[in-house]
Colleague: 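Below are the structure tokens for one structure; questions will follow.
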There are 2 protein chains.
Amino acid sequence: MQQLALTPSFLGVKIDMGEKNLYTRCMNNKKTIGDLMHAHGLKKTPIRTGMLELFMAHDFALSASDIVAKMTAGHDKVTIYRALNSFEEHGILHRASEDGHGIKYAMCSSHCPDEPHTDKHAHFVCDVCHQTYCLEDVEVPEVEVSNEFSVSRANYTLCGICKKCKN
Amino acid sequence: MQQLALTPSFLGVKIDMGEKNLYTRCMNNKKTIGDLMHAHGLKKTPIRTGMLELFMAHDFALSASDIVAKMTAGHDKVTIYRALNSFEEHGILHRASEDGHGIKYAMCSSHCPDEPHTDKHAHFVCDVCHQTYCLEDVEVPEVEVSNEFSVSRANYTLCGICKKCKN
DNA sequence: CAATAAATGCAACATAGTTGCGTTTGTTTA
DNA sequence: TAAACAAACGCAACTATGTTGCATTTATTG
């Protein structure tokens, strides 16, 4: 995957970049945020641009309240929820996990479909800080299920304590 | 596993037994509800007895609001939540799934530990009715995870549409 | 630059779950 | 069998997550 021509503008957004630059991660191939939104008939607004930058800057999934907390400009949570739903409907974000602490979303990669879907890899949710990590190496195993059920998605989540919270 | 010497008293509890009697399912070996609660230093009250009977009478996991809905006597939800937490702490119930519609609990079997834990098998959650089914035949596969994470539980949940909702 | 559809913000609401506190009840033990 | 004690209960109030309706603003397109 190619390095993106993105200069983070951080429009009203606090970003803790952590250890590494993750701008190439999980992003639809060769597309800028503007291209991506345009391709789906979405408007490129400061809030939504900032949200997608946030997702690209983190190697773990984010919930609506994570995003509200990271936006400096004090936007309404309704706006954030509607943006998340819209991104999910257009296959820009997908649900990484749903625990008792809300739905966590992550950026879709180029091999994700343009419809709502879940990850093919497992996730780890920390019991202490509730942060969701993508375990990209750990594939969700396929299983045989009785034909009483029409299976459309699978979710494989590990729980425990993350490195940060062990210290 | 042996048939339990249980005459359901249904103390203030509506039970839809479904197709089969499930009183032998998931229950600690040879123990009555009274024995079970006593063994854990819990008091045998009508509400808690009724709750455990409900769990034994269903082949799918139940949430706090499922239980509130099935109790005729109009008990306070706080009581139900506290009972569920207590049962989980004592290893009488465990969390079967946590989706956006609340934590679902299921009865522990004799090979469950006396501490909070999750199932060894996968679950199916219906997108339409939100009912959680235990897929007892589908084992949660073990995976290798980076030692950055201390894994204590694993959750494998399939989503889609159940037989009832397909019709 | 006007038209239009998408996006935003506010108020209000719904559901899941928790905390504090005073009262009731089940069980133990004397 | 009655007192004592801890567990369980019920009420009020509260937090967190997420949704709906509606009026207003804003980005894009022609």
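In what follows, chains carry the letters A, B, and so on, assigned in the order in which the sequence lines appear, proteins first and then strands, with residues in each chain numbered from 1.
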Colleague: Without decimals, in angstroms, what is the distance between A/E88 CD and D/dT19 P?
Modeller: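 For the pair A/E88 CD and D/dT19 P, the rounded distance is 10 Å.
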
Colleague: Take the protein atom NE2 of A/H90 and the nucleotide atom C1' of C/dA5, then report the distance between them rounded to whole Å.
Modeller: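 For the pair A/H90 NE2 and C/dA5 C1', the rounded distance is 13 Å.
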
Colleague: Taking OP1 and OP2 of D/dG18, is either one under 4.0 Å from a side-chain nitrogen or oxygen of A/N85?
Modeller: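 It does not, given that no N or O in the side chain of A/N85 lies less than 4.0 Å from OP1 or OP2 of D/dG18.
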
Colleague: Do B/K166 and A/S150 have side-chain N/O donor and acceptor atoms under 3.5 Å apart?
Modeller: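 The criterion, which ignores hydrogens and geometry beyond distance, is satisfied for A/S150 and B/K166.
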
Colleague: Should B/Y81 be listed as having a side-chain N or O under 4.0 Å from OP1 or OP2 of C/dG17?
Modeller: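 Yes, because at least one side-chain N or O of B/Y81 sits under 4.0 Å from OP1 or OP2 of C/dG17.
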
Colleague: Can you see whether B/T79 engages B/D76 through a side-chain donor-acceptor pair at a distance of less than 3.5 angstrom?
Modeller: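 On atom types as modelled, these side chains do not qualify, holding no pair under 3.5 Å.
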
Colleague: Can a side-chain donor-acceptor contact be found between A/S97 and A/T132 if the only test is distance below 3.5 angstrom?
Modeller: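 The answer is yes; a qualifying pair exists.
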
Colleague: Determine the contact category for A/D66: base if any of its heavy atoms lies under 4.0 Å from a base atom, sugar-phosphate if only primed atoms, P, OP1 or OP2 are that close, otherwise nothing.
Modeller: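 Counting heavy atoms under 4.0 Å across all strands, no contact is made by A/D66.
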
Colleague: In whole angstrom, give the distance that lies between atom CD1 of A/I103 and atom C1' of D/dT17.
Modeller: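 Between C1' of D/dT17 and CD1 of A/I103: 9 Å.
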
Colleague: Which is true for B/S63 with a 4.0 Å heavy-atom rule: it touches a base, it touches only sugar-phosphate, or it touches nothing?
Modeller: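 Answer is nothing: B/S63 stays at 4.0 Å or more from every strand.
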
Colleague: Within this structure, what is the CD1-to-C1' distance between B/I47 and D/dG10, rounded to whole angstrom?
Modeller: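 After rounding, the reported distance stands at 9 Å.
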
Colleague: Under 4.0 Å between a side-chain N or O of A/R48 and OP1 or OP2 of C/dT8?
Modeller: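 Answer yes for this pair, as a side-chain N or O of A/R48 is under 4.0 Å from OP1 or OP2.
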
Colleague: What pairs with A/Y81 under ring pair (Phe, Tyr, Trp, His ring centres under 6.0 Å), at least two apart in sequence or on another chain?
Modeller: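 With sequence neighbours excluded, A/Y81 shows a ring pair (Phe, Tyr, Trp, His ring centres under 6.0 Å) to no residue whatsoever.
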
Colleague: When the nearest nucleotide of DNA chain C is assigned to A/G41 and to B/H101 on a heavy-atom basis, which residue is associated with the more 5' position?
Modeller: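 Its nucleotide being nearer the 5' end, the pick is A/G41.
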
Colleague: Over how many whole Å does the gap from B/E98 atom CD to D/dA16 atom P extend?
Modeller: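 It works out to 18 Å between those atoms.
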
Colleague: Counting only side-chain N and O atoms of A/T79, is one of them less than 4.0 Å from OP1 or OP2 of C/dA7?
Modeller: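 Result: no.
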
Colleague: Rounded to whole Å, how long is the line connecting atom NE2 of A/H40 with atom C1' of C/dA5?
Modeller: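 Nearest whole value for this atom pair: 18 Å.
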
Colleague: What does nucleotides 22-30 of chain D look like as a protein-contact string, B for base, S for sugar-phosphate only, - for none, at under 4.0 angstrom between heavy atoms?
Modeller: B---BBSS-

Colleague: Looking at the side chain of A/V78, which of D/dT17, C/dG20, D/dT19 is the nearest nucleotide?
Modeller: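 For A/V78, the side-chain atoms sit closest to D/dT19.
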
Colleague: From CG of B/L62 over to C1' of C/dA16, roughly how many Å is that when rounded to an integer?
Modeller: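 Checked: the CG to C1' distance equals 16 Å.
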
Colleague: With heavy-atom distances below 4.5 Å as the criterion, would you say the side chains of A/R95 and A/E88 are in contact?
Modeller: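 Yes; the side chains approach each other to less than 4.5 Å.
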
Colleague: Decide if the gap between the ring center of A/Y105 and the ring center of A/F55 is smaller than 6.0 angstrom.
Modeller: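 Not close enough - the centres of the two rings lie 6.0 Å or further apart.
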
Colleague: Would you say A/H75 reaches C/dT8's phosphate, i.e. side-chain N/O to OP1/OP2 under 4.0 Å?
Modeller: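 No, A/H75 has no side-chain N/O under 4.0 Å of OP1/OP2 on C/dT8.
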
Colleague: I need the CD1-C1' distance between B/I67 and D/dC9, as an integer number of Å.
Modeller: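 B/I67 atom CD1 is separated from D/dC9 atom C1' by 16 Å.
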
Colleague: How about A/I33 and A/E53: do any of their side-chain heavy atoms sit closer than 4.5 Å?
Modeller: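 A/I33 vs A/E53: side chains touch.
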
